[in-house]
Amino acid sequence: QVQLVESGGGLVQAGGSLRLSCAVSGGTFSIYHMGWFRQAPGKEREFVATIAWMGVIKKYADSVKDRFTVSRDNAKNTAYLQMNSLKPEDTAVYYCAAAPNPRNWLAPSSYDYWGQGTQVTVSS
């Protein structure tokens, strides 16, 4: 059974940085596309970033482009989301997700496996 565990969330002031990690077990990490999504209270889950299985292709939501960086270490079965210049509007629960061949890399419904989420709170 594939399991994803996020870590690295917390409380940070606006302009600060956090790095989220997503450790994957129970599957072949190197074949998965890894996605990051977030969900703020009262809002739908939204796409943040995704990285293909070899780490060459990456996509970002416009709202985080040039501030967030997605990466992966296939030797460690771990994906990362480096978040810089954080804003209060980045406050949400952040989820990582995995899929061997997502039909739509930006759609939550395309991902097969999900972590439990980690809270990120950015104070103004």
Side-chain angles (χ1 to χ4, degrees):
Q1 183 177 357
V2 179
Q3 291 187 320
L4 284 67
V5 179
E6 301 101 334
S7 61
L11 173 64
V12 64
Q13 289 188 332
S17 298
L18 285 173
R19 188 177 83 154
L20 305 183
S21 299
C22 175
V24 180
S25 61
T28 307
F29 178 77
S30 60
I31 71 168
Y32 294 130
H33 292 255
M34 297 299 299
W36 287 95
F37 296 82
R38 66 187 182 186
Q39 189 166 17
K43 295 187 177 181
E44 292 188 352
R45 192 166 298 189
E46 66 174 1
F47 168 76
V48 175
T50 188
I51 183 168
W53 62 286
M54 283 296 289
V56 175
I57 301 174
K58 305 176 184 180
K59 299 182 184 292
Y60 297 93
D62 288 342
S63 59
V64 306
K65 202 170 294 183
D66 298 326
R67 299 189 297 122
F68 290 11
T69 302
V70 62
S71 63
R72 64 190 296 157
D73 185 338
N74 286 352
K76 296 184 177 179
N77 292 349
T78 303
Y80 304 96
L81 185 68
Q82 177 66 44
M83 305 185 295
N84 298 329
S85 302
L86 282 161
K87 305 175 181 179
E89 50 264 44
D90 294 319
T91 295
V93 177
Y94 283 70
Y95 299 89
C96 64
N101 188 24
R103 182 175 180 180
N104 179 348
W105 292 14
L106 280 61
S109 60
S110 293
Y111 289 80
D112 302 305
Y113 308 105
W114 289 83
Q116 81 289 350
T118 186
Q119 177 70 46
V120 172
T121 303
V122 185
S123 62
S124 56

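What's counted below: heavy atoms across the whole structure, side chains too, no hydrogens, waters or symmetry copies.
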- Report the C-alpha distance between Lys65 and Asp62 in whole Å, list the side-chain angles of each, state the deciding distance to 0.1 Å, and finish with yes or no for salt bridge (Lys or Arg N to Asp or Glu O under 4.0 Å). CA-CA 5 Å; Lys65 202 170 294 183; Asp62 288 342; 3.1 Å; yes
Do [X] and [Y] have side-chain heavy atoms sitting under 4.5 Å apart?
X: Arg38; Y: Thr91; result: no
X: Met34; Y: Leu4; result: yes
X: Met83; Y: Trp36; result: no
X: Asp112; Y: Val2; result: no
X: Ile31; Y: Trp53; result: no

Separation between [atom1] of [X] and [atom2] of [Y], rounded to the nearest 0.5 Å:
X: Tyr80; Y: Ile51; atom1: OH; atom2: CD1; value: 11.0 Å
X: Asp73; Y: Ser30; atom1: CG; atom2: OG; value: 11.5 Å
X: Leu20; Y: Cys96; atom1: CG; atom2: SG; value: 9.0 Å
X: Ser109; Y: Arg103; atom1: OG; atom2: CZ; value: 9.0 Å
X: Ser124; Y: Lys87; atom1: OG; atom2: NZ; value: 14.0 Å

So, does [X] use its side chain to make a donor-acceptor pair with the main chain of [Y] at under 3.5 Å?
X: Lys59; Y: Leu106; value: no
X: Glu6; Y: Gln116; value: yes
X: Ser110; Y: Pro102; value: no

If two hydrophobic side chains count as joined below 4.5 Å and joins carry through other members, does [X] share a cluster with [Y]?
X: Val70; Y: Val24; answer: yes
X: Val122; Y: Val64; answer: yes
X: Val48; Y: Val120; answer: yes
X: Tyr60; Y: Tyr94; answer: yes
X: Ile57; Y: Tyr111; answer: yes

Of the non-hydrogen atoms in [X] and [Y], which two are nearest, and what is the gap between them?
X: Thr78; Y: Ala23; value: OG1-CA, 4.1 Å
X: Leu86; Y: Arg67; value: CA-NH1, 3.9 Å
X: Ala49; Y: Leu81; value: CB-CD1, 4.1 Å

- Can you say whether the rings of Phe47 and Phe37 are parallel (under 30°), tilted (30 to 60°) or perpendicular (over 60°)?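 Correct class here is perpendicular.
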- Item | Quiz item: cation-pi between Arg72 and Phe29, 6.0 Å / 45° | yes
- Message: Is it true that, when you exclude Asn104 itself, more than 12 heavy atoms of the residues, nucleotides or ligands shown sit nearer than 6.0 Å to its CG?
- Response: yes
